[in-house]
Amino acid sequence: MKDTAPPIGAHGTTTESSGASRQTSVYVYEAPVRIWHWVNALAILVLFGTGYLIGSPPPSMQIAEATHQFVFGYIRFAHFAAGWILTIGFLGRIYWAIFGNHHARQLFYVPILSGSFWVEVWHEIKWYLFMTSEPKKYIGHNPLAQLAMFFFFTLGVSFMIVTGLALYAEGLGIDSTLYALFGWVFTLFGNNPHIVHTFHHLGMWWIVVFMMIHIYVAIREDIMSRQSIVSTMISGHRTFKDDKPD
């Protein structure tokens, strides 16, 4: 079914639940968003695995003589390559938030001035805590998911990209173009690269915890909610399970 934007609610915000009961299926996530989602997920997995090994190097492995192996170099290369994929993909995602449909923009804003938004956030908190028995229907992200995606993912990934590029620039040297663009990061941390490393490492766990919660909630909602979740990020279509009121 052709994507129809939900009506505008209080404070000029879109009410994602409005109209859902009148449609069996809605095209929500366009192909660029879906491709970015899965490529981004793979990049984060590589970044986590290699980043953990960079922060906690494994003991010497008896693969070959030290002069004949380059294991840690390959680990660093995989980390840097995945980091560039994450960065370029994130810039592309910002572009699509501007030129894609209105669902693509949810990742980058929170309607904090909307009273109805916070009412629905509270409802979703109760739903996840099993304090209410009836979930609502949403075309895009539910309000709590939108809030979590913005603070945990959008801000978290932005922090990781900026600090990661600063650390990469440090390796290139202070005369490099990248250092000229991101050297200011070290100033914020007292010109101590070790502190930047520490916060970059902590940011990794921030993203990992979010991913664990995100996967759990997506599977839980696919089973218990009134609309499709996991398959939506594959096909792009949100399918509703009933025709009852929102």
Side-chain angles (χ1 to χ4, degrees), residues 29 32-58 72-98 100 104-110 112 141 144-174 176-218 233:
Y29 299 121
V33 172
R34 304 197 309 275
I35 293 170
W36 167 82
H37 176 274
W38 296 111
V39 171
N40 186 71
L42 180 60
I44 289 177
L45 285 175
V46 173
L47 283 165
F48 167 66
T50 55
Y52 180 83
L53 292 174
I54 291 172
S56 304
F72 202 73
Y74 291 133
I75 292 172
R76 293 178 75 248
F77 173 78
H79 190 78
F80 297 153
W84 279 112
I85 291 172
L86 180 77
T87 301
I88 295 170
F90 194 69
L91 292 175
R93 184 64 179 82
I94 293 173
Y95 170 86
W96 200 255
I98 299 171
R105 302 185 186 102
Q106 281 191 296
L107 196 65
F108 296 97
Y109 78 98
V110 176
I112 58 175
H141 291 304
L144 183 59
Q146 183 177 356
L147 187 67
M149 289 290 288
F150 179 79
F151 283 103
F152 278 87
F153 182 81
T154 305
L155 296 184
V157 166
S158 298
F159 176 82
M160 294 299 285
I161 289 174
V162 170
T163 54
L165 287 174
L167 292 169
Y168 186 74
E170 181 193 22
L172 296 178
I174 60 174
S176 65
T177 301
L178 203 61
Y179 194 92
L181 293 174
F182 293 95
W184 55 269
V185 174
F186 297 108
T187 305
L188 295 180
F189 292 90
N191 291 314
N192 189 335
H194 297 293
I195 297 178
V196 180
H197 274 279
T198 298
F199 276 91
H200 190 71
H201 192 77
L202 290 173
M204 175 191 76
W205 289 110
W206 177 270
I207 300 295
V208 167
V209 169
F210 165 76
M211 285 187 65
M212 293 170 63
I213 296 173
H214 176 65
I215 293 170
Y216 160 72
V217 168
M233 196 47 75

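Nothing fancy with the numbering, it's 1 onward along the sequence. These numbers come from the heavy atoms of this one structure, side chains and all, not from hydrogens, waters or symmetry mates.
- The shortest side-chain heavy-atom distance between Phe189 and His194 does not fall under the 4.5 Å cut-off.
- At least one side-chain heavy atom of Thr187 sits less than 4.5 Å from a side-chain heavy atom of Asn191.
- Between atom CG of residue Leu45 and atom CG of residue Asn40 there is a gap of 10.0 Å, rounded to the nearest 0.5 Å.
- The nearest pair of heavy atoms linking Ala169 to Ser176 is O-OG, 3.8 Å.
- Ring pair Trp36/Phe153 is perpendicular by interplanar angle, where above 60° counts as perpendicular and below 30° as parallel.
- A distance of 8.5 Å separates CZ in Phe159 from NE2 in His200, rounded to the nearest 0.5 Å.
- The shortest heavy-atom contact between Phe186 and Ala166 is CZ-O, 3.3 Å.
- Contact check for Ile94 versus Phe108: side-chain heavy atoms found under the 4.5 Å cut-off.
- Annotation: side chain of Leu167 is in contact with side chain of His197 (closest heavy-atom distance under 4.5 Å).
- The CG atom of Leu91 sits 9.5 Å away from the CG atom of Leu86 when rounded to the nearest 0.5 Å.
- Closest heavy-atom contact between Arg93 and Ala104: NH1-O, 2.9 Å.
- Here the side chains of Ile75 and Phe72 are in contact, with some heavy-atom distance below 4.5 Å.
- The aromatic rings of Tyr52 and Phe48 sit tilted, their planes meeting at an angle between 30° and 60°.
- Separation of atoms CG (Leu202) and CE (Met160) is listed at 9.0 Å; rounding is to 0.5 Å.
- Residues Ile85 and Ala43 come closest through the heavy atom pair CG2-CB, 4.3 Å.
- Counting heavy-atom neighbours within 6.0 Å of Phe80 CZ, excluding the residue itself, gives a total above 12.
- To the nearest 0.5 Å, atom CD1 of residue Ile54 and atom CG of residue Leu47 are 9.0 Å apart.
- Considering every non-hydrogen atom in both Leu107 and Phe150, the closest pair reads O-CD1, 3.7 Å.
- Looking only at distances, no side-chain donor or acceptor of Arg76 sits under 3.5 Å from a matching main-chain atom of Thr50.
- Counting heavy atoms from C-beta on, the side chains of Trp84 and Tyr168 come closer than 4.5 Å.
- Without hydrogens or angle criteria, Thr87 side chain to Ile161 main chain gives no donor-acceptor distance under 3.5 Å.
- Judged by distance alone, with hydrogens and angles left aside, the side-chain atoms of Gln146 form a donor-acceptor pair with the main-chain N or O of Tyr109 at under 3.5 Å.
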**Request:** Check step by step if side chain to side chain contact (heavy atoms under 4.5 Å, CB included) holds for Thr163 and Phe182.
**Result:** CA-CA 8 Å; Thr163 54; Phe182 293 95; over 6 Å; no

**Message:** Before you tell me yes or no, could you show the steps for Trp96 and Val33 under side chain to side chain contact (heavy atoms under 4.5 Å, CB included), namely the whole-Å CA-CA distance, both residues' side-chain angles and the distance that decides it to 0.1 Å?
**Reply:** CA-CA 8 Å; Trp96 200 255; Val33 172; 3.5 Å; yes

**Asked** How far apart are the C-alpha atoms of Val46 and His79, what are their side-chain angles, what is the distance that settles it, and do they pass the side chain to side chain contact (heavy atoms under 4.5 Å, CB included) test?
**Response** CA-CA 7 Å; Val46 173; His79 190 78; over 6 Å; no

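- Residue Phe199 holds its CZ atom at 14.5 Å from CE of Met204, rounded to the nearest 0.5 Å.
- No more than 12 heavy atoms of other residues, nucleotides or ligands shown are found within 6.0 angstrom of CD1 on Ile112.
- Residues Val162 and Trp184 share a closest heavy-atom pair of CG1-CH2, 3.8 Å.
- In this structure, Tyr74 places its OH atom where only 12 or fewer heavy-atom neighbours from other residues, nucleotides or ligands lie under 6.0 Å away.
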